[in-house]
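Both counts, for ligands and for their atoms, begin at 1 and track the order of listing.
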Amino acid sequence: MAIREIVKYPAPILKQKCKEVVKFDQKLAMLLDDMYETMVAADGVGLAAPQIGEAVRVAIVDMGEGQEVIEMVNPVVTAIGGSEVEVEGCLSFPGLYGEVERPFFVRIEAQERDGSLYELEAEDYEARAILHEIDHLNGVLFDSKIIRVVDPSEFEEVDEESIETEQKEGEHQ
Ligand code: CO
C-alpha cells in the first residue's frame, strides 16, 4: 500500500469520463488499497480513482464511526429521491467549500473488488458522499454544482450544538 499524491483542480484527468473496470485483479486491489490509505492520510470521507491519477470507475466512501468502507467499482445510480442542500468540500479543491443540492436518498448497483455485484441504499450525508464520488467518475466536479460558496470561518461561527455537524459537512470528498 502507498499514499499517493492527490490530483488537484484544474488537472485535465479530473474532467474525464472514466473507463469501466474489466479486470478484477491484484492491480485493482492495490488501487483500492492505495485509495483508502491516501483518503485516510488526507482526512477525507471519500475518494475517486481519477483523484490519484487513474481514470477508471473506482471510488470509495468511508463514513467512519465503525462503518465498513464502501468500495464501488463500476457504480451505477439506479434510484434517487428527495433533495437536500449541504456544505461540501473536495480533496482536489483545497480550501473550497460550498452548498450543493443533492438527492437525500440514493440506490446504487456496483461491483466489489472481486467483481461480484451488490446493491446499496444510502441516505443523507452517505448518499451525498456516494453521489459526489460517482460524479468524479463522470468528470463532474462539485464546483460546478455549488450554489453558494461557504467561507471555512463560517464553520466556527455556528453555535456549539451544530459545530460537530458543520465540521462533518465540511469534510473533504
Ligand atoms: Co471530490
Is any NZ, NE, NH1 or NH2 atom of the basic residue among Arg102 and Asp124 found under 4.0 Å from an Asp or Glu carboxylate oxygen of the other? no
Would you call Glu154 and Arg148 a salt bridge, using N to O less than 4.0 angstrom? yes
Pick out which of Ile60, Ile6, Leu91, Asp33 makes a side chain to side chain contact (heavy atoms under 4.5 Å, CB included) with Thr38. Ile6
May I ask you to test the Arg57-Met72 pair for a side-chain heavy-atom distance under 4.5 Å? no
Is the shortest distance from a Lys or Arg side-chain nitrogen in Arg128 or Glu88 to a carboxylate oxygen in the other one below 4.0 Å? yes
Tally of protein N/O/S atoms under 2.8 Å from the Co ion (ligand 1)? 4
Applying side chain to side chain contact (heavy atoms under 4.5 Å, CB included) to Glu121 and Phe105, what does each step give before you reach the verdict? CA-CA 7 Å; Glu121 292 185 349; Phe105 163 85; 4.0 Å; yes
